[in-house]
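Indexing begins at 1, ligand by ligand and atom by atom, following the structure's order.
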Amino acid sequence: MGGKPASLARECDHILKTKSFRDYPGAKNGLQVSHGRTVKKVGWAVDADLESIRKAGKEKVDLLIVHHGLFWGSSALDRKIRAKRIRLAKRLGVAIYSSHLPLDAHPELGNSIGLLRALGLGDSKRKPFGVAMGRAIGWKVEGGRWRLRDLVNRVALLRCEPRPSRGSSFAGFATRVKIVAAGSVVCRKIGIVTGGFGDLDQVVKTGVDTLITGEVDYPTEVKAKELGINLILGGHRQTEVFGVKALADYLRNIERTHSADD
Ligand SMILES: [Zn+2]
């Protein structure tokens, strides 16, 4: 690869339109750990946690693309965890670039479009849906009829894909999808927002009958049941692998094009 972390980060900010997004207080978008060497290998992880950083170091990744960066939370414990992660990343020579809402929302590389396509809904009619911090970060799919059971199976299949090991001995649990089947068995308006989207107000207002997301809190499950809304909860992490993968691939491709030009 050619560029230094700072120039590749500028490339990412440009394609993702990072500056145009307001994000949650802890979600700083951009380069969070840097170094002055040329990037030879780009990797991805959903979280900038110790395990991901360690793995990146082991695999000689010198730029790690993440969705949940280093700056969530400001308690003493949060700061302690963060300092440890930054120390490890610096020691291993792993630069970290993070993108939260811009990466959820991006119409080509984003998490939500990635999930939508992975569920086989890429050819359906869709509109922006799921506003977070003033902007839509997901999609509403309509114009067809989908059996709830089929949609649940498609989400379950995503979870069976080989994933980076979390060192878990409970691999069987990974195939479980949580559902609240409170609505129609035939879905007509599907809302897709990755991660943890539980804004039922938006779901009701837009007439969405089935919400596919990663997770919601328990009170939201109870309310969805009462409102007759289907929830398909594929897991926070599992629904958010698409954006970081796509952005890492994008960087590898532009680098390939650059070196072909040389
Ligand atoms: Zn998330």
Side-chain angles (χ1 to χ4, degrees), residues 12-13 16-18 20-33 43-53 55-56 64-75 78 81-82 85 96-119 128-140 155 158-159 161 163-164 166 168 174 176-178 190-200 202-203 211-221 224 231-248:
C12 291
D13 286 337
L16 297 173
K17 300 190 168 64
T18 303
S20 73
F21 279 83
R22 205 156 49 89
D23 212 312
Y24 295 97
K28 289 189 185 164
N29 296 309
L31 195 60
Q32 302 192 332
V33 175
W44 61 267
V46 175
D47 300 279
D49 59 341
L50 282 180
E51 186 186 337
S52 303
I53 296 166
K55 200 164 166 240
L64 184 65
I65 306 288
V66 300
H67 182 53
H68 303 136
L70 291 160
F71 292 92
W72 298 97
S74 53
S75 72
D78 288 328
I81 291 171
R82 175 157 63 241
R85 291 172 175 177
I96 298 176
Y97 176 87
S98 176
S99 183
H100 187 239
L101 293 184
L103 194 53
D104 283 325
H106 196 274
E108 278 304 315
L109 305 173
N111 279 323
S112 292
I113 193 71
L115 175 60
L116 184 153
R117 288 185 182 133
L119 295 175
F129 166 76
V131 173
M133 301 301 279
R135 281 181 75 155
I137 58 164
W139 301 97
K140 176 178 155 184
V155 175
L158 296 176
R159 299 189 58 133
E161 264 183 41
R163 315 180 281 146
R166 292 267 130 182
S168 171
R176 283 197 190 166
V177 172
K178 199 169 185 185
I190 307 169
I192 298 177
V193 187
T194 59
F197 182 81
D199 190 337
L200 294 181
Q202 292 186 44
V203 170
L211 175 67
I212 303 179
T213 186
E215 61 177 353
V216 298
D217 60 10
Y218 177 67
T220 304
E221 288 178 27
L231 296 180
I232 307 177
L233 308 172
H236 194 131
R237 182 185 179 280
Q238 289 80 4
T239 58
E240 297 204 308
V241 295
F242 303 98
V244 282
K245 264 189 204 175
L247 187 57

With sequence neighbours excluded, tell me which residues meet side-chain hydrogen bond (donor to acceptor under 3.5 Å, both in side chains) with E215. H236
Any side-chain heavy-atom pair of L116 and I190 under 4.5 Å: no
Could you tell me the separation between the CD atom of E221 and the CG atom of L200, rounded to the nearest 0.5 Å? 10.5 Å
Under 4.5 Å between any side-chain heavy atoms of T239 and N111, yes or no? no
Taking the side chain from R237 and the backbone from D47, do they hold a donor-acceptor pair closer than 3.5 Å? no
Count of N, O or S atoms belonging to protein, less than 2.8 Å from the Zn ion (ligand 1): 3
Is it the case that the side chains of D49 and H68 hold a donor-acceptor pair, with the cut-off being a distance below 3.5 Å and no angle test? no
